[in-house]
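Structure first, then comments.
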Amino acid sequence: MGRSRRTIPEELLLLALDPTTGTTAQPQSLDLGLAGAQLVELALAGRIAPDGDRIAVVMPRPTGDPTLDTALELLRRRGSPVRAVHWIGGPRLGLRQTYLTHLERCGMVHAVVGQMCGVLPTTRYQATDTAISREIRARLDSAIRTGVPPDPRTAALAALAHAVGLGKHLYPGNEGRSSRSRLRDLIRHDPMGGLVAHAVLDVQNGVAQPRRSAAVAGGGNGGAGRRKASVRGAVASAETVPQPVTPHGGVMARAAAS
């Protein structure tokens, strides 16, 4: 996988960066979106594929991108397809900071160190070449304005931008209402992007609970049966949550950008 092309996680993060303040819009949901964007990028690289509402590894060969390859290896270790909603809802410690550090290393952003309330150290990130962000934004604008089906990368980026709530950041106010609506509609143009975007929304809406098996649900011991079902459901949930992503050759994170 050549590094001449920006990945969807990188583009999603660049879209979320405010060029004036250096802060990221929708930081909490953005973390979910970055995990989802990794899945889309791996699918476009032919490493994974959707299997219903699950994700299956179809080619475990590394892509050459350390952060993506860490995610791919974790998926491979699962041994069986994992529900997208469980993968995205799992812990992703430092993923946003990892991508910010990567963008800084590539020269696309630069860190601005400061203090909050004159005491707490902070680090904000500002684009060094705003033409890159404008080009990404122009692709979304074109898809919204023309109604022509976008390429899979742009469609997936639009779906994720909508899912993490960037619509109101990119197209604010009443005048941006129709653009936000059309941004949401672009979700239908890429099946993988749509699957991942819906999973991001499900996690945010708290509907990512694992289903109980028929045997557990049919327990006939009244309250005891329900308690056992609850415990087993909790175990199932714990087993479906992937471990935190630690990039290959990990980087010491700066204070997380707000």
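Along the sequence shown, residues carry numbers from 1.
A donor-acceptor pair under 3.5 Å links the side-chain atoms of Glu10 to the main chain of Thr7, judged by distance alone. Counting only distance, with no hydrogens or angles, the side chain of Thr101 and the backbone of Gln97 share a donor-acceptor pair below 3.5 Å. Remark: the backbone N or O of Arg54 is not paired with any side-chain donor or acceptor of Asp51 at under 3.5 angstrom. No donor-acceptor pair closer than 3.5 Å links the side chain of Arg47 to the backbone N or O of Val57. A donor-acceptor pair under 3.5 Å is absent between the side-chain atoms of Thr24 and the main chain of Leu17, judged by distance alone. Side chain of Arg188 to main chain of Asp185: a donor-acceptor pair is present (N/O by atom type, distance under 3.5 Å, no hydrogens or angles). Judged purely by atom type and a 3.5 angstrom limit, Thr128 uses its side chain to pair as donor or acceptor with the backbone of Gly107.
For Asp141, the salt bridge (Lys or Arg N to Asp or Glu O under 4.0 Å) criterion is met by Arg137, not counting sequence neighbours. Val112 meets the side-chain contact (heavy atoms from CB on, under 4.5 Å) test with His110, Gln126; sequence neighbours excluded. Judged as a side-chain hydrogen bond (donor to acceptor under 3.5 Å, both in side chains), and not counting sequence neighbours, the contacts of Glu135 are Arg6. Scored by the side-chain contact (heavy atoms from CB on, under 4.5 Å) test, Ser179 finds Ile144, Tyr171, Arg182 as partners (sequence neighbours excluded). Legend: residues meeting side-chain contact (heavy atoms from CB on, under 4.5 Å) with Pro149, ordered by chain and number and at least two apart, are His189.
Leu39 and Leu201 fall into different hydrophobic clusters, where Ile, Leu, Val, Met, Phe, Trp and Tyr side chains are chained together by heavy-atom contacts under 4.5 Å. Note: the hydrophobic cluster containing Ile136 does not contain Ile187 (ILVMFWY, side chain heavy atoms under 4.5 Å, direct or indirect links).
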- [ ] Evaluate the criterion side-chain contact (heavy atoms from CB on, under 4.5 Å) for residue pair Gln204 and Val200; output intermediate values, then yes/no.
- [x] CA-CA 6 Å; Gln204 293 181 81; Val200 170; 3.4 Å; yes

Task: Intermediate values then yes/no, side-chain contact (heavy atoms from CB on, under 4.5 Å), Val85 and Asp53 - done: CA-CA 8 Å; Val85 72; Asp53 66 345; over 6 Å; no

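Interatomic distance, Arg77 CZ to Leu74 CG, rounded to the nearest 0.5 Å: 6.0 Å. Within the model, atoms CG of Asp18 and OG1 of Thr23 stand 5.0 Å from one another, a figure rounded to the nearest 0.5 Å. Distance check, rounded to the nearest 0.5 Å: CG of Leu100 to CG of Leu95 gives 10.0 Å. In this structure, NE2 in His102 is found 5.5 Å from CE in Met108, a value given to the nearest 0.5 Å. One finds the CD atom of Gln38 at 7.5 Å from the CH2 atom of Trp87 (value rounded to the nearest 0.5 Å).
When all heavy atoms of Leu12 and Ala37 are compared, the pair lying nearest together is CD2-CB, 4.5 Å. Nearest heavy atoms, Val40 versus Gly193: CG2-CA, 4.1 Å. The shortest non-hydrogen separation linking Ile48 to Ile55 is CD1-CG2, 3.5 Å. Leu140 and Ala158 make their closest contact through CD2-CB, 3.7 Å (heavy atoms, listed as atom of the first residue, atom of the second, distance). Looking at every heavy atom in both residues, Gly46 comes nearest to Val58 through O-CG2, 3.4 Å. Nearest heavy-atom pair, Pro172 versus Arg180, reported as atom, atom and distance to 0.1 Å: C-NH1, 3.7 Å.
Under the 4.5 Å side-chain criterion, counting only non-hydrogen atoms from C-beta, Val109 is in contact with Leu14. Inter-residue side-chain proximity for Thr98 and Leu34 is flagged as unmet; no heavy-atom pair is nearer than 4.5 Å.
Electrostatic pairing of Arg139 and Glu11 counts as a salt bridge here, judged by a charged N lying under 4.0 Å from a carboxylate O.
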Please report, to 0.1 Å, the donor-acceptor pairs under 3.5 Å made by any side chain of residues 160-169, with sequence neighbours excluded.
from   : atom 1 : to    : atom 2 : distance (Å)
His169 : NE2    : Leu15 : O      : 3.4

